[in-house]
Amino acid sequence: MLEVLAVTRVVAAPDSLDRATFPSGSIVLRTAPDDAMVIGGGTVQVDDLHAIVREDAGWSGVWVNRAPSEAYLQASCSWPRPSVRPAFAQGAIAHLPVKLWLTEERTLFVFPTALTADFVERTPQEWSA
Amino acid sequence: MNEFLERKVRLTWGEQKPTYDVVIIGGGGHGLSTAYHLATRHGITNVAVLERKYIGGGNSGRNTTVIRSNYGVPESIRFYQRSVELYQRLEEETDRWIMHKQKGILWTVHTEAGLRQERARSFINQANGVNTEFLTPEEITEIAPEIDLNVGGGKYPVLGASYQAAASTARHDRVNWALAEGAMRHGVDVLQRTEVIDLIRDGDRVVGVRTNHGDISAPVVVSAVGGHVTRIMDMAGLRIPIRTHPLQAFVTNHYERKFDPIASSLDLGFYVSQTARGEMLAGAHIDQQPSYSYRSGHHFLSSIAHNIQMFLPFMRDLRILRQWTGICDMSPDYTPIMGRTPVDGLLITTGWGTWGFKAIPAGGEAMAELIATGRTPELIAPFSLDRFRNDRTLADRSSSGTH
Amino acid sequence: MSQMFDFAGTDVAFIDGDSVLTALVRAGIYPAGGGALCCEGDCPHCVATIDGISYVRTCQTAPHENLKVQPHPIDDYPPLPPDRGYGAPPIEYRQCDVVVIGQGESGREASDRATTSGRMVESFDANRGEEVIGIYDGPMVIARTPERIIHVDCEEIVVATGAAELQPACPGNDLVGIVTGRAALRLVAQGVGLGVTVAVGKPPNDLDCEVVEGTLVRFEGVDGRLAAVVTRTESGEERTPCDTAVLNLGIYPRDGLARMGNGLAVSVVGDAGRDATVPPCPSEGVICPCNNVDVDDLQAVWDRGFHEIELVKRATLAGTGTCQGMACMPYLRSFLADRGAALQPPFTARPVARQLTIGEMSAGEYDRPVPRTPLHGEHLALGATMDRIGGWWRPWTYGELGAEYEAVRERVSIGDVSTLGKMIVSGPDAESFLEYIYPTNISTIESGRSRYVLMLNERGYVFDDGLVSREADGTFSLTFTSGGASHAEMWMRDWGSKYDVRMLNQSMSLAAINVTGPLAKELLAKAGVVDPPPYMGHADVQVAGVPCKVFRLSFTGELSFELHHAIDRSVELWRSLLDLGGEFGIYPHGLEALQLLRLEKGHILVGIDTDFDSTPRRIQHEWACKIDKPTDFLGRPSVVRTNEIPLDRLLVGFRTERPTVDGALLYSNGEYCGYVTSAGWSPTLGHGISMAWLYHGSDGQLPGDVEIDGTTATRVPMPFYDPEGVKARA
Amino acid sequence: MSIRITCEHCGTRPLEEYVYGEVLDVPATIADPAERNLDRAFNHTNPEGPVPEAWFHLYGCRRWITIVRDTATDRIVD
């Protein structure tokens with residue numbers, strides 16, 4: 001099911017971000033050395049005085065079981081996914097900027113909510129049903 | 001034999017001499033046209049055209065042969081209009097079949113902003129003697145019923161188009177050969193497989209060139225190089241505002257000749273026309289990265305294939321025959337750079353980007369006049385290299401994005 | 001029971017192992033005229049239109065029931081196909097270490113070797129219906145199978161495409177009944193009778209035929225069918241009657257893909273890697289069957305100075321047809337070498353190696369994504385016409401341009417400005433960084449205040465504009481234009497790498513609604529905002545229960561508040577504002593109305609009123625470019641330089657009595673002197689207004705009044721509307 | 001893919017995921033500051049060969065990376 005994700009963005013000096021503590025149970029996508037996208041609620045602790053910590057409502061996602069997600073990616077993603085799970089990956093998928101959180105059982109597709117219409121158009125119907 | 005066999009042109013190759021009045025580096029359209037006009041208009045025939053490979057082997061033989069003058073600034077409109085007029089006469093003048101054919105060019109728009117831009121183009125074109133009209137979707141359908149006005153299921157509705165009826169195409173190779181032959185007939189030496197290794201300087205002046213076949217001295221050296229102008233300017237110690245980018249194109253197999261106009265969409269980023277041989281010929285904008293590699297890209301082909309079949313649905317089932325790449329010297333304002341350089345004895349004609357073919361007759365005519373008279377013709381005065389320093393750039397992005 | 005496909009209205013039976021071609025030949029049909037010749041995809045003699053797609057090699061196509069085959073001559077033009085709607089086959093992306101192209105003996109060996117050494121291998125073979133379209137940078141291989149298009153990224157490519165059998169170049173070489181040795185074996189294997197068969201050159205083992213003596217001179221035929229082979233022997237010409245001639249003229253490497261991959265990690269094994277020995281120079285006959293070029297044609301252009309292989313190709317068109325030189329290249333080279341030119345390398349091999357349709361090539365492609373604001377559905381529900389503006393879908397008009405305008409000027413309106421670029425900058429160097437980025441003073445912006453800013457590039461040209469706001473915590477909020485936001489982020493991150501700063505792009509995370517009109521304060525009050533920020537100030541407040549950062553600025557010229565908020569609350573806020581505004585006569589406005597409103601105020605739209613060489617001086621924005629500010633800023637040296645040069649154009653305002661349009665031209669005493677960038681009819685002022693580029697005359701002076709569309713246009717200062725800015729500051 | 005560029009954070013991706021950025025280079029032989037600025041504003045070294053350049057990973061981390069690409073061959077050499 002497609003959903004708007006509860007995301008906290010943490011932009012901080014990379015070494016501070018390395019040391020930061022994130023809420024248990026959250027998924028932390030390190031989208032850049034100085035940028036973490038924390039999915040799930042809770043408080044982030046980071047020791048950079050200048051860190052930017054913001055709730056970010058701009059992202060949507062869908063969880064897909066591993067097999068159908070891999071089948072989809074084989075037809076929509078030109079670059080190799082990490083061979084070991086859990087893992088984070090990001091890049092163009094069906095020509096959209098997509099972030100992937102790959103676990104043993106499932107794959108989370110994360111994309112800007114502003115591109116939902118395009119995402120829905122390019123993914124199997126049942127994902128957005 | 002096929003109907004397109006070249007039957008008339010006779011190329012007579014010269015031998016390199018130690019001295020010429022004028023040496024032109026680059027045996028493409030602009031170099032050959034300059035030599036042709038020097039010989040036929042000014043009686044200057046002690047001229048050598050030096051070509052690193054074979055004549056017309058660079059962009060002059062890789063372009064998509066569109067001739068138009070629907071530019072966005074008066075300086076360019078007037079210049080390219082001169083070229084359109086010269087092209088209309090070139091077949092008669094040279095008595096050679098360059099396959100010049102008036103086709104009309106449609107620039108379709110799919111947004112309100114595009115509509116305003118192309119309507120503005122029609123105004124400024126008309127004011128400068130170019131009959132570019134702004135067409136409604138219904139009028140577009142009359143010219144090209146094959147275009148789906150509801151492109152992409154309505155994502156890119158065709159809201160109108162600017163249309164220059166006088167736009168045409170000509171067979172690029174034949175233009176090069178007609179000009180080469182015309183120059184050769186007057187005694188110009190066209191030297192293939194002759195590469196310029198260095199410029200010969202005397203103090204601050206360029207006084208000749210060093211080639212792989214020996215030195216040539218000449219009081220006037222013209223760089224009409226396409227794609228490698230930076231290397232020639234490096235030899236003169238000059239830095240220039242040029243970056244060299246690939247430009248790609250493809251053709252389909254041959255089909256019945258039925259599609260008349262040149263159809264283009266800046267929004268979807270392609271243009272297409274049908275050649276005399278019935279190939280559908282399509283091109284796009286330049287690749288974003290500078291490169292001297294002539295290797296073709298796959299992304300170009302697939303992305304244009306996607307857009308083109310939304311726009312012209314019949315093209316879906318046409319088979320792609322061949323793709324290729326040229327390299328283009330891009331100037332910062334998408335306008336050519338012509339005339340003198342800060343180095344005496346060295347002239348330049350460059351910045352031809354993706355619009356060099358259509359400028360061949362007027363470009364050569366103007367460069368020849370500059371060489372013969374020592375005065376810069378008014379038509380190309382705005383294109384001088386020093387316009388960047390002098391804050392007189394000619395921004396014309398909307399006219400030059402693709403072909 | 002045999003299966004059938006359709007050939008031009010006739011049923012043709014096929015059996016297991018057939019290609020469309022072998023089935024046709026069995027039935028005595030030759031789709032393109034001429035013989036079957038190679039049956040391996042090297043020659044163009046078997047092309048046909050299959051299921052509406054022309055130039056399909058029937059020898060490479062497996063037949064199935066209901067297949068429809070139409071003939072078309074190889075050197076003539078099939079019709080343009082009808083519109084069948086958009087279509088692209090499925091695609092698959094693969095990655096491996098080694099791609100092996102061709103699975104003959106050398107290809108299989110190469111695959112085995114690589115596999116044994118632990119490398120991941122993908123292989124393709126035309127005999128399995130897998131046609132390699134091309135080798136691209138990467139390296140990458142594109143292949144087509146009957147089911148899908150396959151992209152393979154790899155480290156290395158092995159080309160094992162083998163060699164083709166030389167095609168004959170002599171008179172009569174297009175007769176039915178001429179086949180290569182391998183073609184003969186294929187036909188025999190499929191039970192196709194060859195009749196009286198003779199061989200030119202050594203025939204394949206197991207083929208029962210007579211070998212004719214001597215060298216091939218010509219083929220003779222009756223009604224397009226081979227009747228005899230004529231050879232030259234020591235005793236003169238010898239004529240051997242036959243039904244089928246099996247040729248072994250030598251082989252020629254299928255090196256197109258290898259040459260295409262030149263410079264990439266591509267190796268060649270087996271016959272594909274042989275030296276391409278050139279055959280004897282032909283003396284007459286067609287050498288390019290695709291474009292019908294014969295030896296006389298080569299001689300004709302040779303005699304007229306065409307000696308380079310590329311020039312000969314272009315002058316004759318040999319090599320530019322369906323087979324892309326496979327048939328003619330050996331003969332072109334041998335002809336030129338024979339005439340005294342050096343033996344020239346073959347002309348460049350380019351994709352596509354095997355033709356495919358534009359529909360097939362579009363596999364895996366999509367439209368450019370166009371983001372939507374969270375209010376997209378609201379706009380549609382209100383009847384808006386949506387347009388792509390600045391890369392977003394935005395409401396152009398709700399259908400009532402007059403009402404949209406009037407609501408802003410007289411009452412209150414809301415507009416969706418969610419598309420604005422938005423960024424937070426923090427860090428020890430945030431202020432000094434922004435001082436360098438922007439040509440205006442940043443240090444003097446107080447907490448809670450905002451300032452309009454231009455962005456200049458190193459040429460001193462304006463490429464974007466926006467707002468800089470200082471927050472209480474010392475961070476800065478920036479806005480950029482909608483269309484410029486992505487570029488602006490790249491710009492900030494590029495220059496920001498030299499500073500200790502943190503940046504967060506919020507363009508797609510925050511929505512923004514502009515509440516504008518004389519009653520905007522009243523509406524906000526009703527939404528719970530009792531103490532809105534002052535002009536060019538901002539504050540964090542709840543609006544109708546939605547947490548917002550409220551900026552007070554004005555683009556429309558009226559009292560305006562820009563409410564930035566999380567996109568998931570946007571619909572709620574929009575609806576609340578419309579509800580609460582009901583009593584004030586609220587009506588939303590789209591982009592068309594906004595463009596008129598801001599034009600009345602003389603606000604520029606970067607990219608519409610400016611070109612990419614617009615300096616602050618040219619657009620009369622020197623007030624936003626503090627050349628004397630204490631710190632250096634981007635573009636300053638260029639601004640200093642160009643300021644010394646006499647102006648040649650200026651962005652100015654005109655008043656006209658009749659309406660005019662964007663792009664209309666300016667004339668002074670009949671001379672062209674500029675063009676309108678934005679035009680409109682001001683209902684409030686009752687006259688036409690235009691922003692326009694006005695060019696200096698040859699005397700260096702700016703013309704005064706001009707003509708636009710045949711009507712006098714009076715140059716007036718901007719803003720046209722409320723020049724003192726009383727309304728916006730109310 | 002075609003030309004592949006490796007982003008140190010995201011991995012190897014096709015060129016189409018990136019936006020090209022030139023690394024401007026004014027030769028030391030130009031000494032006058034005004035001339036240096038003019039050169040930087042408009043001129044290009046435009047070499048045929050290896051050249052350092054920046055690419056913005058638009059579809060991934062949205063950060064700039066620097067590579068060395070040979071413009072004669074389009075190979076990424078560093």
Side-chain angles (χ1 to χ4, degrees), chain A residues 7 9-18 28-38 52 54 56 58-59 73-102 107-115 118-119 122-123, chain D residues 1-28 36-37 39-78:
Chain A
V7 169
R9 290 290 285 280
V10 186
V11 179
D15 52 342
S16 296
L17 213 43
D18 291 343
V28 181
L29 309 183
R30 190 73 174 262
T31 59
D34 61 349
D35 194 341
M37 182 185 260
V38 187
I52 303 171
R54 291 286 193 283
D56 186 344
W59 300 89
L73 288 169
Q74 189 155 32
S76 313
C77 177
S78 72
W79 40 272
R81 276 73 63 195
S83 48
V84 181
R85 291 179 175 226
F88 164 67
Q90 59 185 349
I93 293 172
H95 292 214
L96 297 177
V98 175
K99 301 176 194 308
L100 297 175
W101 176 245
L102 308 126
T107 306
L108 175 64
F109 290 72
V110 180
F111 53 92
T113 301
L115 295 176
D118 290 298
F119 184 83
R122 297 161 198 217
T123 47
Chain D
M1 287 194 198
S2 45
I3 297 176
R4 284 180 276 180
I5 296 173
T6 300
C7 168
E8 57 216 35
H9 186 73
C10 304
T12 302
R13 297 288 186 273
L15 174 143
E16 290 74 31
E17 287 198 10
Y18 299 82
V19 177
Y20 168 77
E22 182 175 359
V23 176
L24 291 169
D25 159 44
V26 181
R36 287 189 68 80
N37 176 67
D39 187 84
R40 188 173 161 93
F42 291 107
N43 289 339
H44 304 287
T45 303
N46 198 30
E48 182 171 359
V51 58
E53 53 189 24
W55 290 81
F56 187 77
H57 194 191
L58 189 68
Y59 281 77
C61 58
R62 297 184 76 96
R63 298 294 185 274
W64 288 98
I65 57 159
T66 311
I67 60 169
V68 177
R69 184 177 56 103
D70 186 333
T71 60
T73 61
D74 282 339
R75 286 217 186 169
I76 315 296
V77 291
D78 191 16

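The sequence lines fix the lettering, A, B, ..., with proteins before strands; numbering per chain opens at 1.
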To the nearest 0.5 Å, what is the distance between SG (D/C61) and NZ (A/K99)? 8.0 Å
Measure the CH2-SG distance between A/W79 and D/C10 for me, rounded to the nearest 0.5 Å. 8.5 Å
So which residue, A/P82, A/A89, A/A92, ends up with the most heavy-atom pairs under 4.5 Å with chain D? A/A92
Chain D contact via A/L96 - side chain, backbone, both or neither, heavy atoms under 4.5 Å: backbone
Between D/P14 and A/S78, which heavy-atom pair has the shortest distance, and what is it? CG-OG, 3.7 Å
D/E8 atom CD, over 12 foreign heavy atoms within 6.0 Å: no
List the steps and the verdict of salt bridge (charged side-chain N to carboxylate O under 4.0 Å, His left out) for D/R62 and A/D35. CA-CA 10 Å; D/R62 297 184 76 96; A/D35 194 341; over 6 Å; no
Find out whether D/H9 and A/Q90 are in side-chain contact, i.e. whether some heavy atom of one side chain is under 4.5 Å from a heavy atom of the other. yes
